[in-house]
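Position 1 is the first residue of the sequence, and the numbers go up from there. Please read all numbers here as calculations on a predicted model, not as lab measurements.
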Amino acid sequence: MKNGERVEEFTAGYYGLCAAAGMLSAGATHLAITPLDVLKVNPVKYKGIMSGFSTLCREEGACGLWKGWSSKLLGYGVQGGCKFGLYEYFKNIYGDLLAADRRSNKGLVFFLSSASAQIFADVALCPFEAVKVRVQTDSSFAKGLSSGFPKLYANEGFYGFYKGLLPLWGRNLPFSMIMFTTFEHSVEVMHRKIIKRKREDCSRAQQLTVTCLAGYAAGAVGTVISNPADNIVSSLYNKKAATIMQAVKNIGVRNLFTRSLPVRIAIVGPVVTLQWFLYDSIKLFNGLPTSGGLRRHSILKDAELVTP
């Protein structure tokens, strides 16, 4: 891309591009795994992936596999835009405040940046998630987003859209903090210990390979950490429990950590990998570096990269 057309980092255009890339990558990947998500929110009925698909197709036909697709596409698209775009924004702010030498407090910067971004991202996602789970668990509730939104509001009011916000934060905040931090450190380790080359010295294919490997590691670790909260969210939204404590009691402590975990690993690992791949591909296409490390506006003129 020509220098005159290159998006300048840390500008409104840069953050807008990151948000658009996050929206596209998250919306597309979550749409693709809608059938697996239908199984995940019904762990008691669908106990395995293959047997679950067989039961679902037998009872509801092929259309049953795609229940809640519109909420997945739009809801997680909006969430992805907020998550990735705001993460870049907060990372720059916290990096200047807490990591002036660009090396100290990096882990803290990644934790705070991802947590701050996820708070806003989940506020945007929550209404879509509420409708999605109801559509996927109750065939008589609504056919999709357009009919589900007004019906949920008529039945439960504004509270119905956000009653799962706290457990959603409980699920997604730890996941996001672990996922982004694991990704950042994985990129650094691969460049320093395995490839032993700086990012700017690697080809685009090598950079995207690092992105994919770091993305999968980040998704796998984050999945295990967030699984208990994910089960609580599903229980609240499908009305199997009225409160968080009741959900914990009904599910059981052991099942909080193990229920739906194989399905979530099958979903989240590839999804997070593909999200990072699409996200960084869009950045590369627009003349930007792939993700990973702290970059500061004051040093970009010298093209000095913090890590890797």
Any donor-acceptor pair under 3.5 Å linking the side-chain atoms of [Y] with those of [X]?
{"X": "S25", "Y": "Q275", "value": "no"}
{"X": "S291", "Y": "K283", "value": "yes"}
{"X": "E88", "Y": "Y15", "value": "no"}

Item to check | Pair Q207-D280, side-chain hydrogen bond (donor to acceptor under 3.5 Å, both in side chains): steps then yes or no | outcome: CA-CA 9 Å; Q207 291 181 54; D280 272 357; over 6 Å; no
Checklist entry - Mind checking whether L173 and L166 sit in one hydrophobic cluster, side chains of I, L, V, M, F, W, Y counted as touching below 4.5 Å? => result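 As far as the 4.5 Å side-chain criterion goes, L166 and L173 are connected within one cluster.
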Nearest heavy-atom pair of [X] and [Y]: which atoms, and what distance?
{"X": "D122", "Y": "L165", "answer": "O-CD1, 3.9 Å"}
{"X": "T223", "Y": "R264", "answer": "O-NH1, 3.1 Å"}
{"X": "K91", "Y": "G293", "answer": "NZ-O, 3.0 Å"}
{"X": "A117", "Y": "K83", "answer": "CB-O, 3.6 Å"}
{"X": "S116", "Y": "Y94", "answer": "OG-OH, 2.9 Å"}
{"X": "H185", "Y": "G107", "answer": "NE2-CA, 4.2 Å"}

Any donor-acceptor pair under 3.5 Å linking the side chain of [X] with the backbone of [Y]?
{"X": "R199", "Y": "G292", "answer": "yes"}
{"X": "S113", "Y": "V109", "answer": "yes"}
{"X": "E60", "Y": "L56", "answer": "no"}
{"X": "T182", "Y": "M179", "answer": "no"}

So, do [X] and [Y] sit near enough that their side-chain heavy atoms are less than 4.5 Å apart?
{"X": "L256", "Y": "N227", "result": "no"}
{"X": "W169", "Y": "V123", "result": "yes"}
{"X": "S226", "Y": "N172", "result": "no"}

Item to check | Evaluation steps, salt bridge (Lys or Arg N to Asp or Glu O under 4.0 Å), between K193 and E188 | outcome: CA-CA 8 Å; K193 303 295 185 181; E188 179 179 355; over 6 Å; no
Salt-bridge test for [X] and [Y]: reply yes if a basic N is under 4.0 Å from a carboxylate O, no otherwise.
{"X": "R134", "Y": "E156", "result": "yes"}
{"X": "K72", "Y": "E129", "result": "no"}
{"X": "K132", "Y": "D37", "result": "yes"}

Checklist outcome for this item: In short, ring-ring contact (aromatic ring centres under 6.0 Å, His included) pairs touching residues 50-84 with sequence neighbours left out are H30-Y76, F84-F180, F84-W276, F84-Y279
Next on the checklist: Is the distance from the ring center of F149 to that of F161 below 6.0 Å?
Outcome noted: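 Aromatic pair counts; centres sit under 6.0 Å.
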Next on the checklist: Heavy-atom count check: over 12 atoms from other residues, nucleotides or ligands less than 6.0 Å from Y153 OH?
Outcome noted: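 No, the 6.0 Å shell around OH holds no more than 12 heavy atoms from other groups.
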